[in-house]
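Computed from a predicted structure; not experimentally measured. Each chain gets a letter, A, B and so on, in the order its sequence line appears, and its residues count up from 1.
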Amino acid sequence: MKVRVLVRLRPGIMDVQGAAVQRALVGLGFGDLRDLRVGKVIDVDVDASSVPAARVRVDEMCKKLLANPVLEDYTIEPVEASSLEATSALR
Amino acid sequence: MKFGVVVFPGTWSDCDFHHVVSEVLHQPVKYVWHRERDLGDVDCVILPGGFSYGDYLRAGAVAGRSPVVEAIRDFAAKGGLVLGSCNGFQILCEAGLLPGALLRNECLQYRCQSTHLVVDNVDTPFTRGLRPGQVLTMPISHGEGKYQVDAPALAQLREHHQIVFRYATAEGAVTRAANPNGSLENIAGIVNEAGNVLGMMPHPERAAEAVVGGTDGLLLFQSLLGSLVEDGTFLKR
């Protein structure tokens, strides 16, 4: 079962990387850019019978290693096989 | 006093720590590989700097869950002395042995430079030979050293006098300009509540011989040696 973990810095934690990327985009003419924060995508394939079961396991993974609760929040989203292929096709 | 120096794939300060302990302090020391589950007969475990497991995911994240760190968790719970420097500090935070986390430097630059540290707490086995307010000079070398912790945890750190070192001027003034990485309250090093686990971003092992430009790092090791009494328990001041 494939799920996607999105890890992002918690609100209030300064994202210096995002700020640098934002400055670069403004320099490229994107003056309408209001805010930008950089996060991480972690695609996980876990041996589970259902999405909720996979979600439970991946939630444990997030708590144990994938996210640092001091700094980061995370969300877990189911991934359709077709959408993964679509992402690859774009590359 | 017997020292163990932990080695992860990607650790880089292990040989420097080993050298200081064996050649400068003339104390027994051994390397401890990251897969070890038993630390053996040691009084102090050192987590050196470097890029353990390539610092993949987050600095110190994978190392913080490795077998040797589980052994260190038990060792620390029994009062064993643990010193983590640079990546070692990041690992101790990731492992939950110290509160908080270390973020990308605010300046976005990797900082490799000499820093001044003002000593806030001399009631630890690592600093008992120092004076409160004493200024030490030690190098830093890191890209992710901005200490971050939430407000309740910061209040706890203050209440239990867990802040040990802060970045300061040569005169000991804690200023924004003296802060090389944007660290909260200029924090450079903290201890756990029990005082036996120290994490610090600066490198004491790189300031332990005059030939490398300074000996202030040696004061930490000398404090440690002085804190070991004959029956194997550790003295606080």
Residue B:Tyr110 excluded, over 12 heavy atoms near OH under 6.0 Å
yes
When only heavy atoms count and the cut-off is under 4.5 Å, which of residues 137-170 of chain B reach chain A?
B:Lys146, B:Gln148
Please tell me if the side chains of A:Lys64 and B:Arg65 come closer than 4.5 Å, counting only heavy atoms from C-beta onward.
no
Which one of A:Val70, A:Leu71, A:Asn68 has the most heavy-atom pairs closer than 4.5 Å to chain B?
A:Asn68
More than 12 heavy atoms from other groups under 6.0 Å of OH on B:Tyr31:
yes
When only pairs under 4.5 Å are counted, which of A:Leu9, A:Ile13, A:Leu65, A:Leu66 shares the most heavy-atom pairs with chain B?
A:Leu65
Hey, could you give me each pair passing side-chain hydrogen bond (donor to acceptor under 3.5 Å, both in side chains) that has a residue in residues 8-21 of chain A? Not counting sequence neighbours.
none
Take atom CE in A:Met14; do more than 12 heavy atoms of anything else shown fall under 6.0 Å from it?
no
Taking B:Leu57's backbone N and O only, do any of them form a donor-acceptor pair with A:Lys40's side chain (distance below 3.5 Å, no angle check)?
yes
